[in-house]
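Data first, discussion second: the structure below is written as structure tokens.
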There are 2 protein chains.
Amino acid sequence: MSLMAATQQVKRRATNQGAAVKEALAAEDTFRSAQDVYATLRANGEKIGLSTVYRHLQIFVDDGLADVIHKPDGESTYRLCGDASTTHHHHLVCRSCGKAVEIEGPAVETWADKVAAQNGFTDVNHTVEIFGLCAACAA
Amino acid sequence: MSLMAATQQVKRRATNQGAAVKEALAAEDTFRSAQDVYATLRANGEKIGLSTVYRHLQIFVDDGLADVIHKPDGESTYRLCGDASTTHHHHLVCRSCGKAVEIEGPAVETWADKVAAQNGFTDVNHTVEIFGLCAACAA
DNA sequence: GTCATAATGGGAACGATTCCGAATAAGACG
DNA sequence: CGTCTTATTCGGAATCGTTCCCATTATGAC
């Protein structure tokens with residue numbers, strides 16, 4: 001998996017369910033859990049199974065179409081990111097409503113690599129997430 | 001909970017189990033899961049229950065004695081950090097053996113705060129973890 | 001249309017973590 | 001040193017998110 005570039009797509013069939021999951025994610029700029037997406041789709045009358053939601057969410061991640069954030073409680077949340085060509089970035093996430101803003105920090109990237117190298121670590125990657133309360137939720 | 005300072009300790013009874021969990025963590029400079037600590041203690045002949053291990057691990061975190069890292073697969077791992085007075089820091093963690101090095105990045109802190117402020121976010125905190133392969137595991 | 005097979009869905013299986021309630025033991029007091 | 005209060009313990013049941021399994025369905029190629 002780590003050997004395959006994120007942009008390297010595999011042939012996939014177009015299904016209603018796959019489209020529905022993508023639409024559900026696209027409708028919000030917030031990180032949402034699989035269970036959440038599933039509930040929303042069912043509430044909308046979509047005919048889809050929980051397994052399928054998980055499957056598509058994972059596919060999006062594999063294809064570089066979506067980002068994942070693991071909440072402190074362990075739940076995984078997903079959000080479509082710009083597009084596959086978008087460069088590496090991080091997120092500023094509202095702790096309350098889940099709204100997320102994509103951010104970049106070139107300095108952080110180089111810092112991380114430097115620190116790792118100084119300690120003899122190789123094959124480095126990192127996670128950087130900033131949590132806070134968005135203006136709307138602060139009220 | 002969030003209102004109580006990390007250094008504000010509550011009266012606690014001293015028990016063998018509590019000490020055992022702390023020793024087990026202190027014995028290694030790696031992040032270890034509750035299940036892992038539990039298995040080690042039992043293997044050592046300690047009389048302790050899994051619930052108790054989880055309870056003490058959580059207490060350490062609440063008291064600011066330990067740091068937690070949520071692995072990508074969702075499992076929580078714990079490690080004693082310097083001491084409660086140690087300032088905010090992050091970790092460089094070996095993806096293979098779990099060995100962790102405490103690191104600091106003042107620049108990252110200020111960057112995070114600035115970015116958050118620019119987007120109208122308040123009550124900010126962040127997580128920064130760098131994963132890689134330590135020199136020993138690279139071989 | 002026909003066919004091979006990718007995709008689906010729902011229920012079982014799983015693994016980490018939490019909960020519960022009765023049994024145990026730490027610490028205070030006399 | 002006893003007694004008593006209650007924090008702590010422990011193991012098994014319960015929870016919860018996620019994955020697995022596999023018979024059924026439906027996409028896309030010919």
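- Classification of the B/His56-B/Phe60 ring pair by plane angle, with boundaries at 30° and 60°, yields tilted.
- Of all nucleotides listed (C/dT8, D/dG17, D/dT9), D/dG17 comes nearest to the side chain of A/Glu75.
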Evaluate A/Arg55 against A/Val21 for side-chain contact (heavy atoms from CB on, under 4.5 Å), listing each step before the verdict. CA-CA 10 Å; A/Arg55 194 177 315 120; A/Val21 173; over 6 Å; no

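- Within 4.0 Å of A/His56, counting heavy atoms only, lie sugar-phosphate atoms of the nucleic acid but no base atom.
- Distances from the side chain of B/Ser51 to the nucleotides D/dC10, C/dT8, C/dT17 place D/dC10 closest.
- Considering every non-hydrogen atom in both B/Asp67 and B/Cys81, the closest pair reads OD2-CB, 3.2 Å.
- Taking atom CG on B/Leu57 and atom P on D/dT8, their separation rounds to 16 Å, with Å as the unit.
- Look at CG on A/Leu50: it is 13 Å from P on C/dT8, rounded to the nearest Å.
- Looking at heavy atoms from C-beta onward, B/Trp111 lies in side-chain contact with A/Ile103 at the 4.5 angstrom threshold.
- Within 4.0 Å (heavy atoms only), B/Ile48 reaches sugar-phosphate atoms of the nucleic acid but no base atom.
- Taking atom CZ on A/Arg55 and atom C1' on C/dG10, their separation rounds to 11 Å, with Å as the unit.
- Side-chain atoms of A/Thr52 never come within 3.5 Å of backbone atoms of A/Ile48 as a donor-acceptor pair (strictly under, hydrogens ignored).
- Among the protein residues, B/Gln17 comes within range of the sugar-phosphate backbone only, with heavy atoms under 4.0 Å from sugar or phosphate atoms but none that close to a base.
- Across D/dT18, D/dC10, C/dT8, the shortest atom-to-atom separation from the side chain of B/Lys47 is found for D/dC10.
- The side chain of B/Arg42 lies closest to D/dG11 when the candidates are D/dG11, C/dG9, C/dA16.
- Using a 4.0 Å heavy-atom cutoff across all strands shown, A/Ser33 reaches no nucleic acid atom at all.
- Closest to the A/Tyr54 side chain, of the nucleotides C/dG9, D/dT18, D/dC10, is D/dT18.
- Taking atom OH on B/Tyr38 and atom C1' on C/dT18, their separation rounds to 15 Å, with Å as the unit.
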Nucleotides 24-30 of chain C: protein proximity per nucleotide (B base, S sugar-phosphate only, - neither; heavy atom, under 4.0 Å): -BBS---

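- In this structure, of D/dT18, D/dC10, C/dT8, it is D/dT18 that holds the atom nearest to the side chain of A/Ala34.
- In this structure, A/Lys71 atom NZ and D/dC16 atom C1' are separated by 12 Å, rounded to whole Å.
- The interatomic distance linking B/Asp73 (CG) with D/dT19 (P) rounds to 10 Å, in whole Å.
- Distance A/Leu41 CG to C/dG9 P: 10 Å, rounded to the nearest Å.
- With B/Arg79 as the fixed residue, the salt bridge (Lys or Arg N to Asp or Glu O under 4.0 Å) test singles out one of B/Glu28, B/Glu129, B/Glu102: B/Glu102.
- Ring geometry for A/Phe31 versus A/His91: interplanar angle over 60°, hence perpendicular rather than tilted (30 to 60°).
- When rounded to the nearest whole Å, the span between CD of A/Gln35 and P of C/dG9 equals 15 Å.
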Criterion side-chain contact (heavy atoms from CB on, under 4.5 Å) on A/Asn125 and B/Arg95, from CA distance to verdict: CA-CA 10 Å; A/Asn125 68 9; B/Arg95 185 183 302 126; 3.5 Å; yes

